[in-house]
Amino acid sequence: MTAAGEGRRQGLFVTFEGGDGVGKTTQAALLDEWLTGLGRTVVRTREPGGTEVGLLVRDIVLHHRGDVAPRAEALLYAADRAHHVATVVRPALARGDVVIQDRYVDSSVAYQGDGRQLEPSEIRDLSMWATGGLLPDLTVLLDLDPAAARLRLDADDKPFDRLEAEQEDFHARVRDRFLAIATAEPDRFLVLDASRPAEELAATVRERIRARLGR
Ligand code: TYD
């Protein structure tokens, strides 16, 4: 309960990060189900593409329309994020809702910073500018060897998007950066071995959130 308003719940911002095919969406759905069962209002969203404007950006960055220069790609993800935070995430947090989101700033630092080999600290600064400095209360990093993740994506039988189609060394750099950010910000992160069973992972996430919600 906030000091400002008796009975008014405090918003909570939870993001799921990790490479492609690690099971973020499954975990986000399980957390949503649990929190909704506890009576919380949950806003499930994602980047890129959490808004109408964002869907247009998503189409440019993920669907093969020819090359997008790395700096243009970084700006497009940042533009999507700026609009999404201003129109969806901040209003939800202000209402006291829980926002559960697939991917956020850390994806840009890992994919554009290391994957595309731009400067990771500049990419982070760009997102911080875009969002007015909004960081999640908790970021769950689902860590998985890119080769194992690739097998999961292959099994899905869907065509690869522009980023998924990148080579192994790209995905190895992305993974290393996610782990480095988590090490640098241990209070914000929960790092999980994504090869563990989904229900076990979900239980660990619940435990961490329970501590946060005080229940
Ligand atoms: P999507 O299909 O939404 O996610 P997933 O692979 O998690 O199922 O694809 C999003 C792609 O966009 C993914 O390959 C990572 C990439 N991406 C970036 O490169 N930078 C970013 O800032 C974000 C949010 C995503």
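Values below: every heavy atom of this structure, side chains too, minus hydrogens, waters and symmetry copies.
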Note to self: If you apply the rule side-chain contact (heavy atoms from CB on, under 4.5 Å), what do you find for Arg44 with Thr36, and how did you get there?
What the structure shows: CA-CA 11 Å; Arg44 265 284 297 289; Thr36 304; over 6 Å; no
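- Counting heavy atoms from C-beta outward, Tyr104 and Leu134 have side chains that approach closer than 4.5 Å.
- Put simply, the side chain of Leu118 does not reach to within 4.5 Å of the side chain of Glu122, judged on heavy atoms.
- For the pair Arg162/Val68, a side-chain contact is recorded, criterion being any heavy-atom separation below 4.5 Å from C-beta on.
- Each of Val22 and Leu151 belongs to its own hydrophobic cluster when Ile, Leu, Val, Met, Phe, Trp and Tyr are linked at side-chain heavy-atom distances under 4.5 angstrom.
- His83 contributes atom NE2, which lies 14.5 Å from atom OG1 of Thr131 (distance to the nearest 0.5 angstrom).
- Of all non-hydrogen atoms in Ile123 and Ala74, the two that sit nearest each other are CD1-CB, 3.8 Å.
- Across all their heavy atoms, Asp80 and Gly54 have their closest contact at OD1-CA, 3.1 Å.
- Qualifying side-chain contact (heavy atoms from CB on, under 4.5 Å) partners for Leu62, counting only residues two or more places apart in sequence or in other chains: Pro48, Arg58, Tyr77, Asp161, Leu163.
- Put simply, the side chain of Lys24 gets close to the backbone of Gly19: a donor and an acceptor are under 3.5 Å apart.
- Ile60 CD1 to Leu56 CG: the interatomic distance, rounded to the nearest 0.5 Å, is 7.0 Å.
- Between Leu190 and Val205, the closest heavy-atom pair is CD2-CA, 4.0 Å.
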Notebook entry, point to check: Yes or no on side-chain contact (heavy atoms from CB on, under 4.5 Å) for Asp97 and Val42, after CA distance, side-chain angles and deciding distance?
Noted result: CA-CA 6 Å; Asp97 298 350; Val42 173; over 6 Å; no
Margin query: If you apply the rule salt bridge (charged side-chain N to carboxylate O under 4.0 Å, His left out), what do you find for Arg116 with Glu166, and how did you get there?
Written below: CA-CA 10 Å; Arg116 298 290 186 222; Glu166 282 297 334; 2.8 Å; yes
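- In this structure, Leu138 and Arg212 have side chains that are not in contact, with every pair of non-hydrogen atoms separated by 4.5 Å or more.
- A continuous path of hydrophobic side-chain contacts links Val88 to Leu76 [ILVMFWY only; heavy atoms under 4.5 Å].
- Counting all heavy atoms, side chain and backbone alike, Ser127 lies closest to Arg81 at OG-NH1, 2.7 Å.
- Leu144 and Leu30 fall into different hydrophobic clusters, defined by Ile, Leu, Val, Met, Phe, Trp and Tyr side-chain heavy atoms under 4.5 Å apart, directly or through other members.
- Clustering ILVMFWY residues whenever any of their side-chain heavy atoms sit less than 4.5 angstrom apart, transitively, puts Val99 in the very cluster that holds Val105.
- Counting heavy atoms from C-beta on, the side chains of Leu55 and Thr51 never come closer than 4.5 Å.
- Atom CZ of Phe170 is separated from atom CZ of Arg175 by 15.5 Å, given to the nearest 0.5 angstrom.
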Note to self: Would Glu199 and Arg206 count as a salt bridge (charged side-chain N to carboxylate O under 4.0 Å, His left out) here? Give the steps.
What the structure shows: CA-CA 10 Å; Glu199 194 36 60; Arg206 289 198 291 270; 3.0 Å; yes
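- Checked by atom type and distance alone, the side chain of Arg95 never pairs as donor or acceptor with a backbone atom of Arg90 at under 3.5 Å.
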Next item on the list: Show your reasoning for whether side-chain contact (heavy atoms from CB on, under 4.5 Å) applies to Phe178 and Ser107.
Entry: CA-CA 8 Å; Phe178 275 132; Ser107 277; 3.9 Å; yes
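- Remark: Asp67 CG is loosely packed, at most 12 non-hydrogen atoms of other residues, nucleotides or ligands lying under 6.0 Å away.
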Check: Stepwise, does the side-chain contact (heavy atoms from CB on, under 4.5 Å) test hold for Glu47 with Asp102?
Finding: CA-CA 6 Å; Glu47 287 181 10; Asp102 277 30; over 6 Å; no
Margin query: salt bridge (charged side-chain N to carboxylate O under 4.0 Å, His left out) for Arg173 and Asp114? Distances and angles first, verdict last.
Written below: CA-CA 6 Å; Arg173 291 198 299 276; Asp114 289 80; over 6 Å; no
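- Of all non-hydrogen atoms in Pro91 and Val85, the two that sit nearest each other are CD-O, 3.8 Å.
- Checking side-chain atoms of Gln27 against main-chain N and O of Ala198 turns up a donor-acceptor pair under 3.5 Å.
- Within the 3.5 Å criterion, the main-chain N or O of Glu200 finds a donor-acceptor partner in the side chain of Thr204.
- Residue Phe189 is tested with Thr15, Leu179, Asp106, Val140 for a side chain to side chain contact (heavy atoms under 4.5 Å, CB included); the sole match is Asp106.
- A distance of 8.5 Å separates CD1 in Ile100 from CG in Leu12, rounded to the nearest 0.5 Å.
- Checked for salt-bridge contact, Arg124 and Glu185 meet the test: a charged N lies under 4.0 Å from a carboxylate O.
- Contact between Phe160 and Glu164 at its shortest, heavy atoms only, is CA-OE1, 3.5 Å.
- Applying the ring-ring contact (aromatic ring centres under 6.0 Å, His included) test to Phe16 and every residue at least two apart in sequence or in another chain returns nothing.
- Proximity of Met128 to Leu135: side-chain heavy atoms (C-beta onward) are separated by under 4.5 Å at one or more points.
- Expressed to the nearest 0.5 Å, how far CG of Asp169 lies from CG of Asp176 amounts to 11.0 Å.
- Here the side chains of Leu141 and Leu192 are not in contact, with every heavy-atom distance at 4.5 Å or above.
- In this structure, Gln112 CD and Leu75 CG are separated by 10.0 Å, a value rounded to the nearest 0.5 Å.
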Notebook entry, point to check: Does the pair Arg208 and Asp137 meet the rule for a salt bridge (charged side-chain N to carboxylate O under 4.0 Å, His left out), with working shown?
Noted result: CA-CA 11 Å; Arg208 179 79 174 250; Asp137 297 295; over 6 Å; no
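- None of Arg103, Arg150, Lys158, Arg152 except one satisfies the salt bridge (charged side-chain N to carboxylate O under 4.0 Å, His left out) rule with Asp20; the exception is Arg103.
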